[in-house]
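Not measured: the values here are computed from a predicted model. Order of the sequence lines fixes the chain letters, A, B, ..., with proteins taken first and strands second; residue numbering starts at 1 for each chain.
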Protein chains: 2
Amino acid sequence: MTYAAAGVSIDAGDRMVGMIQSHMRRTHGPRVIGAHGGFAGCFRLDFNEQLFKRNYRDPVLVSCTDGVGTKVKIAADLKTYDTVGQDLVAMSVNDLVVQGAEPLFFLDYLAVHKLYEEQATAMVKGVSDGCCLAGCALLGGETAEMPDVYTPGEFDMAGFAVGVCELGKLVTGERAEPGDVILGLASSGVHSNGYSLVRRIVADCGLSLSLCYPELDDERTLGEVLLTPTRIYAKSVVAVLRRYRVKQVVTAMAHITGGGLPGNVPRVLGSHLNARIRRAAWPVPNVFGFLGRHGAVEQEEMDRVFNMGIGYVMAVRPHFAESVAHQLTRAGEQVYTLGKIVRGTGKVVFV
Amino acid sequence: MTYAAAGVSIDAGDRMVGMIQSHMRRTHGPRVIGAHGGFAGCFRLDFNEQLFKRNYRDPVLVSCTDGVGTKVKIAADLKTYDTVGQDLVAMSVNDLVVQGAEPLFFLDYLAVHKLYEEQATAMVKGVSDGCCLAGCALLGGETAEMPDVYTPGEFDMAGFAVGVCELGKLVTGERAEPGDVILGLASSGVHSNGYSLVRRIVADCGLSLSLCYPELDDERTLGEVLLTPTRIYAKSVVAVLRRYRVKQVVTAMAHITGGGLPGNVPRVLGSHLNARIRRAAWPVPNVFGFLGRHGAVEQEEMDRVFNMGIGYVMAVRPHFAESVAHQLTRAGEQVYTLGKIVRGTGKVVFV
């Protein structure tokens, strides 16, 4: 008996390692240290000793992990493998910059029923695209072939991101005050949360992923709309934090994932503050109305499951709100002034 | 329609977050910075600014990711959820110390068909046990409930470790020379590689995971033997590296995973060196003979798939081999002198 006969192809794995090299390498700057067939990836904290000493007195590593939930099911159904990698990077690096960190590197874990090199390489290409958008290095990864855990055609992926922040520059929400202005950054769509509900609505209401629906007002099919990659806010957010490094005008941030605005904004607000948000402040993308109507999902449930068009939130000292919004806009973000921080009990209040 | 009706229980997730807090907290030292309901974990690179400056002039972050392969299937079959977490930590931190790094923190991704809090908490407890053994903090994690990707009862897990090493102290194998002595550290069994072959042998040969086999010479059932957690070498290896921080007598290391000794030792040797290893230098644990005989697996295939009793390898300057072996033994390792480095072509030669 052999390992290959047991369903694991070491050769396919080796071939894939070759195919993904270029996708990894294009994300590597001078801080990534050569491989030596290494057991682990190596990343210098700064380009050289002098710069490092100047930039960091007491560095804090910031790290998080996430998957993309059952969005992988839609990708598998549509046999579209090169976009969910960006979602994977987005889910982790957007969480990371919330703390004020600069993303440094990313690693991915990819698990499949059977290793088809082209599919797996497409997935890694998506991860590599995401790393370029986030400005971080794809430092390593693992591809696991597990025929008995995943059914044919299925896969899962997990991502890990590491960033760094000087101790005194961490954004914790503790400095948020009544009067701070809440800016909202537009999402690119459903992002990577709520897909179990999305898929249930699609199945129960007889919707088809391969059709275009006039209500969506989009040339793309429903499946393509649902697979739109999660927007990566890292570069624009890091640029703002860097510009106001001394004044620290950004007092709290939140990445809007599962739980929506009401679930995520309070995570960084103290229990003595509310976020008062005007519903009319931003346009809700068609895809949410479409899903809500077809699925007869109540407004409150929609708010709790989906981002509803706002993917990232930033509280800013009132005097600087306009200039921060301007800088974010120039960086390519669609920015809305959602409302402001008021005294309260740690809640989001919609007005 | 609601999210809960679509199979995702936010309440179960919230309850679990509460249950795993203590498992995370016991791994936290003073370098872990408080949560604030944070979106990401925060870890100071050193305890304070003064220490940091003394210890690091040019720090390199070392990072890797891995899963435990289809060992999760045996855990699921035996409904034993509290051991594979240690395997998960072992797979990553053993890779990490190979580069000379001190493990700092770990994050886990856990994906299940349905979230049973007790099961998932047991898994996290295992991860926490592993982190204690490795001396690193469990800084964060994600538990994903994905009813359509995993079949009932199945789960998967991925781990991610970050360590740090001063640039000049990285162990790359480049300083290995003919004459360096090769020490082998005993494995605790099959560790976490080759389980697709193990399970095929069990199935095809009509073996039972719930029976004791005299050939194993073990009071435990075959399933229990196969679930023995992967040994974590991090603390003993880090202690040796610290002790010889200046002399740097350890010239190359390898974690013996998929590929066995012939696949992993050459990863760190230059193409001008061989590792000459005496087969008689260490006892092969019974479980390997048992699997090989029942499965009629050829010796070469066994060597390529399994660790055969040696889980970690260290090349040491000859003059220091004895004292390093002594220190490892006192740290609790079973150490064997396997052979030595000789001129060659980047291969393991068994004699």
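At most 12 heavy atoms of other shown residues, nucleotides or ligands fall within 6.0 angstrom of atom NZ in B:Lys347.
Chosen from A:Val149, A:Val164, A:Ile201, A:Asn48, the residue pairing most often with chain B at heavy-atom distances under 4.5 Å is A:Val149. Of the listed residues B:Ala158, B:Ser63, B:Cys42, B:Ala144, the one with more heavy-atom pairs under 4.5 angstrom with chain A than any other is B:Ser63. Between chain B and the options A:Gly292, A:Ala203, A:Ser196, heavy-atom pairs under 4.5 Å are most frequent for A:Ser196. The most heavy-atom pairs under 4.5 Å with chain B, out of A:Asp66, A:Val62, A:Thr70, A:Asp148, come from A:Asp148. Contact count versus chain A (heavy atoms, under 4.5 Å) is highest, among B:Met253, B:Lys73, B:Glu145, for B:Lys73. Most heavy-atom pairs under 4.5 Å with chain B: of the set A:Asp156, A:Val98, A:Val305, this distinction falls to A:Asp156. The greatest number of non-hydrogen atom pairs below 4.5 Å with chain A, out of B:Gly159, B:Ser92, B:Ala4, is found for B:Gly159. Heavy-atom pairs under 4.5 Å with chain A peak, among B:Gly270, B:Gly173, B:Gly194, at B:Gly194. Contact tally against chain A (heavy-atom pairs below 4.5 Å) for B:Glu154, B:Arg304, B:His255: the top residue is B:His255. Residue with the most contacts toward chain B among A:Tyr195, A:Phe160, A:Tyr109, A:Tyr150: A:Phe160 (heavy-atom pairs, distance under 4.5 Å). Heavy-atom pairs under 4.5 Å with chain B peak, among A:Leu197, A:Val60, A:Leu61, A:Asp95, at A:Leu61.
For B:Leu107, the parts lying near chain A are the backbone and the side chain together; criterion is any non-hydrogen pair under 4.5 Å. No part of B:Arg31 comes within reach of chain A, as not one of its non-hydrogen atoms sits under 4.5 angstrom from that chain. Only the side chain of A:Val72 comes within less than 4.5 Å of a heavy atom in chain B; its backbone stays farther off. Heavy atoms of B:Ala254 lying under 4.5 Å from chain A belong to its backbone as well as its side chain. Proximity to chain A is limited to the backbone of B:Met157, based on heavy atoms less than 4.5 angstrom apart.
A:Leu45 contributes atom CG, which lies 11.5 Å from atom CG of B:Leu167 (distance to the nearest 0.5 angstrom). Rounding to the nearest 0.5 angstrom, the gap separating the OG1 atom in B:Thr65 from the CG atom in A:Leu110 is 10.5 Å.
Between the side chain of B:Glu301 and the backbone N or O of A:Tyr3, at least one donor-acceptor pair lies under 3.5 Å. A donor-acceptor pair is defined here as one N or O able to donate and one able to accept, closer than 3.5 Å; such a pair exists between the side chain of A:Gln99 and the backbone of B:Phe39.
Of all the heavy atoms in A:Asp46 and B:Asp58, the pair that sits closest is O-OD1, 4.3 Å. Between B:Met146 and A:Gly69, the shortest heavy-atom contact is CE-O, 3.1 Å. When all heavy atoms of A:Gly67 and B:Glu142 are compared, the pair lying nearest together is N-CG, 4.4 Å.
Remark: B:Phe43 pairs with B:Phe105 by the ring pair (Phe, Tyr, Trp, His ring centres under 6.0 Å) rule, at least two apart or across chains.
The interface of residues 293-300 of chain B with chain A, defined by heavy-atom distances below 4.5 Å, comprises B:Gly295, B:Ala296, B:Val297.
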